Amino acid sequence: MTLLYSEVEEELRASVRGLLADRCPHSAVLGRVESEPYDLGLWKTLAGEIGVAGLLVPEELGGAGASAREAAVVLEELGRAVAPVPFLTSAVLATRALLPTRDALLAELAEGRTTAALAVSFAASPYRPDRGSSVSVDGDGRLSGTVTGVAGADVADVLLVPVDGDLYAAEGSSVAAGPSLDLTRPVATVTFDRAEARRVGTCDLAAVLRFGAGLLASEQLGVAEWCLETTLAYVKERHQFARPVGSFQAIKHRLADLWLDVVRARAAARAAAGDAAGDAAGNAAGAADAALPVSAAVAQAWNAVVAVHAAEEALQLHGGIGMTWEHPVHLYLKRAKATEIALGTPGDHRAALASLVGVPGPE
């Protein structure tokens, strides 16, 4: 498996980055975070003109037939722009949950006509998949219960609800927005009160969350890359004592260390994306990739921390301007902090990694 980007992936990156530069400037993101955070017009364009919504869906089911590697490239660019679109929640998590079922809903998701969300807490992990959920199904196939901290629920047309190894599609639910550190990706509490639901198949929720965690590392990479590049540009222009701030040795050392961290994060994200590609393809045929648990744990244990560190360095090295609401760096810090505890904390993944590779723990 190569960690390099293919020509197709670079072309996809250029298309997504160009569209985001035109349609998703930081001023637009800042202008909507306190009213309607999600930009559904941008999402429809991404889905309709570039086809990002159907990347993971096989061609015979109406999708692009691409792989998780291409989805990871899109996530990098969305992370660089802190774009408020439901790609991770609908085109990655919900789609991955549906893939083994081959349900007709996949075609609707692929076209972007329908947006779905997996009714699982964003704080759940492959090691605690039921965290934040208390949903049950009665003898009539109706759902009752509550799920807290669901990302993407407020803009989802369909909620996919995992219950005891089965997956249900539900439309009748109460969605109440809750407090969210990341203003560009709100979370909500979803309540079902004997809601009608359709069983669509079985669901290995831990595997779905592991797949999502592996690809989330690419979004974190995008956040870290933007913070590093923007800070480098700023310290070259900002002068103090008649010389660029970036010429001071202490600043050089901090940014050199950060550059090394980001390079390592890129390697970890690419490895996880490659294994996730095998996992998605295998699950479409009924078998998972055994390498993904290790690479996803490595990527999340490292990239979540690097994204936060890069955003903190960006905030500090921008000085007073970095502390203002008008500068977008706070959006990146909030996105990084929110994803640090999403789909498993770095500590969760380090503990899992130690167990997976046979490293003995404390007595």
Side-chain angles (χ1 to χ4, degrees), residues 16-17 20-21 24-39 42-43 46 71-93 117 121-123 149-155 177-188 212-231 258 261-262 265-266 268-269 299-300 302-318 322-346:
V16 174
R17 185 177 294 189
L20 293 177
C24 190
H26 290 128
S27 58
V29 179
L30 285 166
R32 63 186 311 129
V33 291
E34 292 184 296
S35 55
E36 297 181 16
Y38 282 108
D39 188 342
L42 173 62
W43 172 239
L46 281 165
V73 169
V74 174
L75 281 167
E76 284 183 40
E77 294 308 311
L78 296 178
R80 288 177 64 94
V82 285
V85 294
F87 179 78
L88 177 68
T89 52
S90 183
V92 175
L93 288 171
S121 172
F122 207 40
V150 180
D154 47 342
V155 291
S180 176
L181 176 62
D182 182 1
L183 301 177
T184 63
R185 181 181 284 146
V187 295
L215 289 190
L216 180 61
S218 291
E219 181 183 286
Q220 292 161 333
L221 170 63
V223 168
E225 286 180 333
W226 182 91
C227 291
L228 174 61
E229 292 170 11
T230 302
T231 305
L258 184 57
D261 288 347
V262 172
R266 185 177 301 114
Q300 275 303 308
W302 180 256
N303 287 30
V305 176
V306 169
V308 172
H309 177 54
E312 290 174 341
E313 289 288 76
L315 186 70
Q316 292 179 13
L317 294 178
H318 272 81
M323 301 291 179
T324 64
W325 181 264
E326 291 75 15
H327 196 281
V329 70
H330 68 90
L331 296 176
Y332 290 85
L333 179 57
K334 292 168 183 174
R335 171 68 68 91
K337 291 295 289 184
T339 58
E340 187 182 28
I341 59 174
L343 305 179
T345 66

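Worth saying up front: this structure is predicted, and the values here are computed from it rather than measured. Heavy-atom basis, side chains included; hydrogens, waters and symmetry copies ignored.
Annotation: side chain of F87 is in contact with side chain of V74 (closest heavy-atom distance under 4.5 Å). No side-chain heavy atom of S180 sits under 4.5 Å from any side-chain heavy atom of F122. Side-chain contact between P186 and D154: present, with at least one pair of heavy atoms (C-beta onward) separated by less than 4.5 Å. Within the 4.5 Å cutoff, the side chain of V29 has no heavy atoms near those of the L183 side chain.
The two residues A188 and A177 have their closest heavy-atom pair at CB-CA, 4.0 Å. Across every non-hydrogen atom of A151 and A117, the tightest pair is O-CB, 4.0 Å. Looking at every heavy atom in both residues, V329 comes nearest to A314 through CG2-CB, 3.7 Å. Closest non-hydrogen pair, G79 versus V223, comes out as O-CG2, 3.6 Å. Across every non-hydrogen atom of P37 and P84, the tightest pair is O-CB, 3.0 Å. Of all heavy-atom pairs spanning V187 and P179, the tightest one is CG2-O, 3.7 Å.
For the atom pair CG of L331 and CG of L30, the computed distance is 4.5 Å after rounding to the nearest 0.5 Å. Distance CG/L93 to OG1/T89: 7.0 Å, rounded to 0.5 Å. Within the model, atoms CG of D182 and CZ of R335 stand 4.5 Å from one another, a figure rounded to the nearest 0.5 Å. The CG atom of L78 lies 7.0 Å from the CD atom of E219; values are rounded to the nearest 0.5 Å. Once rounded to the nearest 0.5 Å, the distance linking OG1 of T230 with CD of E225 reads 11.0 Å. The CD atom of E313 sits 8.0 Å away from atom OG1 of T231, with the distance rounded to the nearest 0.5 Å.
The main-chain N or O of H330 is never found under 3.5 Å from a side-chain atom of W325 such that the two would form a donor-acceptor pair. A donor-acceptor distance shorter than 3.5 angstrom exists from the side chain of T339 to the backbone of A336, with no hydrogens or angles considered. Between the side chain of N303 and the backbone N or O of L221, no donor-acceptor pair lies under 3.5 Å. A donor-acceptor distance shorter than 3.5 angstrom exists from the side chain of R32 to the backbone of Y38, with no hydrogens or angles considered.
Of the options Q300, E340, E76, a side chain to side chain donor-acceptor pair (under 3.5 Å) to Q220 is made by Q300 and by none of the others. Among the candidates E312, K337, H26, R80, the single residue satisfying the side chain to side chain donor-acceptor pair (under 3.5 Å) test with Y332 is H26.
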